[in-house]
Amino acid sequence: MRCKYSLILLFLFLQIGFSQNKINLFSEINYSSIPSVSLSDYKSVQERDRKFQNPNIALGIGISGGGSRAQFFSMGVLLGLEEIQEGNSQRNFLNEIDYFSTVSGGCFSAGYYLTILKNKLFYDNCSFNEFYFSKADAYKDYVDKSANILSLLNNSRNEKGDKISMTQRIDSDILQYDGTNPDNVNKFGTQMLLSDFFIPKDSKSIPSLPMFVANGTAFNNGERIPFMPHIIRGLNLNSSLAPNKAAIALNENKVNDGYNFPVTYAITASSAFPGVLPKVKFGVKNQDKILCIVDGGASDNMGYKTLVELLHNDTRVNDKNKKALFIDCLGQGKKEPYINDAKIRLISLFETASLYTVQTRYMTFDKDVENTFERYKIPITNYQIIGFTTIKDYLMKMEKDYAYEDLVFELKNTNDESSSWVKLFATFKQGLIAKFGEDSFKKDKDGEIIVATLSKEKFKDLSARQVLLLYEYASHVETKLRITPEEREILLLSGRFAAYLKTNELKELLVEHK
């Protein structure tokens, strides 16, 4: 009997021991946190050439995701920002920017601009506008690649093998580096690295560029991952599982340093929208685990959290002179609410659910950003937002005429076929040329008028009909990677126009408060 009780007690003891081993508390004991945004390791961007920026103002810009719609609308805004001068000086809003915090498609426009800035292709001889519209033939600024749900399912195609990976495409088409052909005269000889934007405090180099941060999301827990050298180092990344011939080898010495991390990997990871592009995977030093990163929009589609943290960490500037501009590239998408009464495929459901998961984060954006500013004691009057709603708000105040009402009727009866919108664009282009004359535009190398170059002085004379088409066409470009020439033109023009509409508010951000 005693033996029987002894066996029972031994069994219970073992059970208690096994149960205790199964307890897995969520705590800092087992959890490896992602390093926070910090500037303590780096030289201040306020040490840049004072000819181009005011060191007493910390100005940041956040650019949202949204595929090629975000890329070219935000590119248009950047071009428009250069047209906003600070008083009577030669400074403009664009070259005053100290920090870029970007997500997905917004990384493409910022990455392209900063590549051109690093390689000094304008300033001395021309402005960024002049370069972009007249001298950029050899420097393509888009990735001509269709991307869809099949890209996600066929993950290995992007990550392995001899086919051109997304990291290589971004390096070549956006960041202008061709690692496979060093003799390519139309590309730059060096790859863009994080060291171009982050200068160690003990370095003899002086910062020459704004800080650029692309934001990704940890696939496993949804945490935001800003790509900065100390964060790369803190995560112990030591290899990429998406190899390509253009990117430099990621060995332990370089990755643990963090500064030699190729920017193309950061942009690729930030752009890995679920259902469109494959997630990006990195190896972790001394671990058999990996880090998977997906689109930054899953954690913050405006990049505002990282941007405000960067501004907060700028100890050289008083809080009242920390300013921010957010470019909101959320569009409606050319989709009607009705579908055929048929079984919804799982792939379609997954893709749509992924899109709306990102978009729902916009619902509380205004309040979220206000709360973040207040938490860091930055005045909530120190930020502005530019988006398609900027154009819509202006349109609502315009006087409407018969031409406007005719277009409303036409748009209501226009289907979502590409040919219908191309026809609308052709009519729009002809109307602009007829009203303002060919001299109000620049032409491409083939002598074709570039609609997006409409002289800024003419913006005030756009009719309600023209503004309506500009808004409807631009905001209804779908979230995608490949884009048509017409969509690109209309997005660039709408971005420039939106920046123009915010001129007075943006000039206020350039005012230094004593």
Side-chain angles (χ1 to χ4, degrees), residues 62-75 100-115 140-155 157-159 164-177 192 194 212-219 222 224-227 240-242 244 246-247 261-282 291-303 306 327 329-331 351 354-355 357-359 361 477-483 488 491:
I63 309 179
S64 82
S68 289
R69 182 185 64 248
Q71 178 185 355
F72 289 107
F73 177 73
S74 61
M75 181 69 81
F100 283 82
S101 175
T102 62
V103 179
S104 194
C107 299
F108 286 63
S109 57
Y112 181 83
Y113 162 68
L114 293 169
T115 296
K140 189 173 73 169
D141 64 338
Y142 60 92
V143 177
D144 188 18
K145 178 182 184 298
S146 61
N148 51 47
I149 188 67
L150 296 179
S151 301
L152 179 76
L153 300 178
N154 195 7
N155 215 20
R157 178 175 178 178
N158 190 298
E159 296 177 352
I164 299 176
S165 69
M166 193 61 185
T167 52
Q168 187 172 334
R169 289 179 185 274
I170 291 173
D171 239 346
S172 177
D173 298 340
I174 304 299
L175 305 178
Q176 311 304 317
Y177 170 75
M192 291 287 280
L194 291 187
F212 170 63
V213 182
N215 295 279
T217 303
F219 173 79
R224 171 172 48 105
I225 299 181
F227 283 90
S240 167
L241 304 184
N244 66 84
F261 189 88
V263 173
T264 183
Y265 282 114
I267 296 178
T268 304
S270 182
S271 308
F273 186 81
V276 178
L277 293 173
K279 58 186 176 292
V280 177
K281 299 188 288 189
F282 296 100
L291 176 65
C292 288
I293 300 180
V294 295
D295 193 298
S299 53
D300 172 14
N301 200 40
M302 191 68 73
T306 296
I327 304 179
C329 306
L330 177 66
E351 188 173 13
S354 298
L355 175 63
T357 297
V358 171
Q359 288 184 336
R361 297 189 179 274
V477 175
E478 292 180 323
T479 300
K480 57 186 179 181
L481 193 61
R482 179 168 283 171
I483 194 168
R488 182 177 182 273
L491 286 167

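- Here the closest heavy-atom approach between residue Ala110 and residue Ile63 is recorded as CB-CD1, 4.3 Å.
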Chi angles and distances behind the side-chain contact (heavy atoms from CB on, under 4.5 Å) call for Leu291, Ile225: CA-CA 11 Å; Leu291 176 65; Ile225 299 181; 4.1 Å; yes
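- Closest heavy-atom contact between Tyr142 and Asp173: O-CB, 3.4 Å.
- For Thr102, the side chain to side chain donor-acceptor pair (under 3.5 Å) criterion is met by no residue, not counting sequence neighbours.
- Partners of Ser172 by side chain to side chain contact (heavy atoms under 4.5 Å, CB included), not counting sequence neighbours, listed by chain and number: Lys187.
- At a threshold of 4.5 Å between non-hydrogen side-chain atoms, the residues Ile267 and Leu175 count as touching.
- Partners of Ala269 according to the side chain to side chain contact (heavy atoms under 4.5 Å, CB included) rule, which considers only residues two or more places apart in sequence or in another chain, are Phe227, Val280, Ile293.
- Nearest approach of Cys329 to Arg69, heavy atoms of both residues: O-NE, 2.8 Å.
- Side-chain contact between Phe73 and Val477 is absent, with no heavy-atom pair separated by less than 4.5 Å.
- Scanning all heavy atoms of the two residues, the minimum distance from Gly106 to Ala70 falls at N-CB, 4.2 Å.
- Between Phe282 and Tyr265, the ring planes are perpendicular. Angles over 60° get that label, and only those under 30° would be called parallel.
- Looking at every heavy atom in both residues, Tyr112 comes nearest to Met75 through CD2-CE, 3.6 Å.
- With sequence neighbours excluded, no residue satisfies ring-ring contact (aromatic ring centres under 6.0 Å, His included) with Phe72.
- In this structure, Lys140 and Gln176 approach most closely via the heavy-atom pair O-NE2, 2.8 Å.
- The side chain to side chain contact (heavy atoms under 4.5 Å, CB included) check on Thr306 picks up Val37, Ser101, Val213, Asn215, Arg224, Pro226, Leu310, with sequence neighbours excluded.
- You'll find the side chain of Leu114 stays beyond 4.5 Å of the side chain of Val263, heavy atoms only.
- Taking CG of Leu491 as the start and CD1 of Ile483 as the end, the distance is 5.0 Å to the nearest 0.5 Å.
- Phe100 pairs by the ring-ring contact (aromatic ring centres under 6.0 Å, His included) definition with nothing, not counting sequence neighbours.
- For Ser270, the side chain to side chain contact (heavy atoms under 4.5 Å, CB included) test picks out Val103, Cys107, Ala214, with sequence neighbours left out.
- Scored by the side chain to side chain donor-acceptor pair (under 3.5 Å) test, Ser109 finds Ser74 as partners (sequence neighbours excluded).
- Judged as a side chain to side chain donor-acceptor pair (under 3.5 Å), and not counting sequence neighbours, the contacts of Asp141 are Tyr132, Arg488.
- Rounding to the nearest 0.5 Å gives a distance of 8.5 Å between OG1 of Thr264 and CE of Met166.
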